[in-house]
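These notes concern the structure reproduced below.
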Amino acid sequence: MRAVARIDRGAIAHNTARLARAAEGAAVCAVVKSDGYGHGALTAGRAALDGGATWLAVAAAQEARELRAAGIDARLLVMGALDSEELAVALDADADVVAWSEEFLAALPSHARVHVKLDTGMGRLGTRDAALATRLAEAAGDRLAGLMTHFATADELDNPFMDEQLGRFRAWVDPLRERLPDAVVHAANSAATLRDPGTHFDMVRPGVAIYGMDPFGIDPFAHELEPALTLATSVLAVKDAAAGESAGYGRRFVAHEPTRLATLPIGYGDGWRRALTNNADVLIGGRRFPLVGTVSMDNITVDLGLDSGVRVGDEAVLIGAQGPERILAEEIARRLDTINYEVTCALTPRVVRN
Ligand SMILES: *Cc1c(COP(=O)(O)O)cnc(C)c1O
């Protein structure tokens, strides 16, 4: 079988409940953008709602449309910037949207629900002008649903910038929420939710931790999170390699002694990145074996050695646990010099999610 991503709904529900506990009474808005960080937005969204989330957030209007069309009836928040066509799609999906300009607010019909965003230091979306943000919140009238910001460095425990951002947010939102008590105040991503109750306000917006990945990039179990994704495939061929024989494009693996190679049907066309060439392990039969040679579009090769007992049809795990061994998305991220988020988001539609 080609690669499949098995999604553990129970783990997502568990992680959501774990974050809800951490958030101590604040609502949980589970972030399921980018197809639920590669896990499947609908699967992830349903599991997060089972675990106690009451809102789901996405980046794009189209993502909200798909969730609504599939029957999700929770509150939806589209966090991204929207052009007029996308705004119409978001509103048609009965999703809340985010505003930071007079023009955008002016274009919102009376039935819209809007969250005003202050840019306290992320430098991406939102206005840096607190006076403008206040005017927008007041002008929104009945359309006002929330007041928000987003942290740039919540995952960096020794960086004081999150506290600076929090200070700027509080200076804006504390007086405002007295006048606008119905607005839902929210700021925290996963890292902030786990590290600082002072960021929780009325609602938290965790993404990566919902999936059982560590927002600090090291060890999800240290935060009582359960990884939800197992990336598995099976051994499709086993062959002997004599000393001097090679595997894959460019002969980037040459056997220096007789060995046996397994071929697995996953490659960069599935999102198993080419930079993992000679740079990953695979679990087969509960043991780690090195990926050897170049990652091709559709296949990789694994060095089994001579005494593995591995046979065609055996299951191979690229992310997840098998027997006593486990490969975390965080391990793959380290090898690729990237973050766990990108490892699961990179999985292409060819990887069946089930
Ligand atoms: C992606 C995103 C989140 C979730 O962040 P995590 O680090 O995955 O928890 C929250 N808020 C906004 C605005 C986002 O873009």
Side-chain angles (χ1 to χ4, degrees), residues 12 15-16 18-20 22-23 26-39 41 44-45 48 51 53-61 63-64 67 75-82 90 95-100 114-127 133 145-157 159 161-162 165-166 169 173 184-196 199-218 220 223 225 227-229 329-330 333 338-346:
I12 292 175
N15 297 327
T16 307
R18 157 81 184 96
L19 290 154
V28 176
C29 173
V31 180
V32 298
K33 61 194 180 189
S34 194
D35 203 23
Y37 293 47
H39 294 62
T54 50
W55 293 58
L56 301 179
V58 292
E63 296 176 309
L67 290 171
R75 285 288 285 274
L76 296 180
L77 172 63
V78 178
M79 301 186 294
L82 303 171
D96 292 25
V97 297
V98 181
W100 53 86
V114 67
H115 300 240
V116 174
K117 184 166 196 176
L118 183 70
D119 178 4
T120 56
M122 180 66 184
R124 197 175 61 174
L125 305 179
T127 174
L147 302 167
M148 65 184 288
T149 193
H150 188 48
F151 297 116
T153 62
D155 56 322
E156 297 172 24
L157 288 167
N159 189 330
F161 192 64
M162 187 183 86
Q165 284 195 263
L166 183 58
F169 187 56
V173 89
V184 178
V185 177
H186 51 106
N189 58 3
S190 299
T193 302
L194 290 172
R195 78 181 256 202
D196 184 358
T199 65
H200 292 168
F201 298 96
D202 303 321
M203 183 164 84
V204 296
R205 300 190 310 265
V208 74
I210 293 282
Y211 306 96
M213 294 191 284
D214 180 3
F216 306 99
I218 302 166
H223 308 285
L225 299 170
L229 181 142
E330 287 77 5
T338 182
I339 53 175
N340 41 13
Y341 302 64
E342 198 184 23
V343 172
T344 57
C345 279

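Note that the structure is a prediction, hence the values are computed from the model and not measured. Read the numbers this way: they start at 1 and go in the same order the structure lists the ligands and their atoms.
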message: Over 60° means perpendicular and under 30° means parallel, so tell me whether H115 and W55 are parallel, tilted or perpendicular.
response: perpendicular
If you look at each N/O of ligand 1, which protein N/O atoms lie under 3.5 Å away, and at what distance?
residue  : atom   : partner : partner atom : Å
ligand 1 : 7 (O)  : Y341    : OH           : 2.6
ligand 1 : 8 (O)  : Y37     : OH           : 2.5
ligand 1 : 8 (O)  : V208    : N            : 2.8
ligand 1 : 9 (O)  : S190    : N            : 2.7
ligand 1 : 9 (O)  : S190    : OG           : 2.5
ligand 1 : 9 (O)  : G207    : N            : 2.8
ligand 1 : 11 (N) : H150    : ND1          : 3.4
ligand 1 : 11 (N) : R205    : NE           : 2.9
ligand 1 : 11 (N) : R205    : NH2          : 3.2
ligand 1 : 15 (O) : K33     : NZ           : 2.7
ligand 1 : 15 (O) : R124    : NH2          : 3.4

Counterpart residues, side-chain contact (heavy atoms from CB on, under 4.5 Å), relative to A27 (two or more places apart): T54, M203
Listed partners of A346 passing side-chain contact (heavy atoms from CB on, under 4.5 Å), at least two apart: none
field: Donor-acceptor contact below 3.5 Å, side chain N340 vs main chain D214
entry: yes
message: Test of understanding: with side chain to side chain donor-acceptor pair (under 3.5 Å), list the residues that count as partners of D202, not counting sequence neighbours.
response: R177
message: Measuring from atom CG of L118 to atom CG of L147, what distance do you get when rounded to the nearest 0.5 angstrom?
response: 9.5 Å
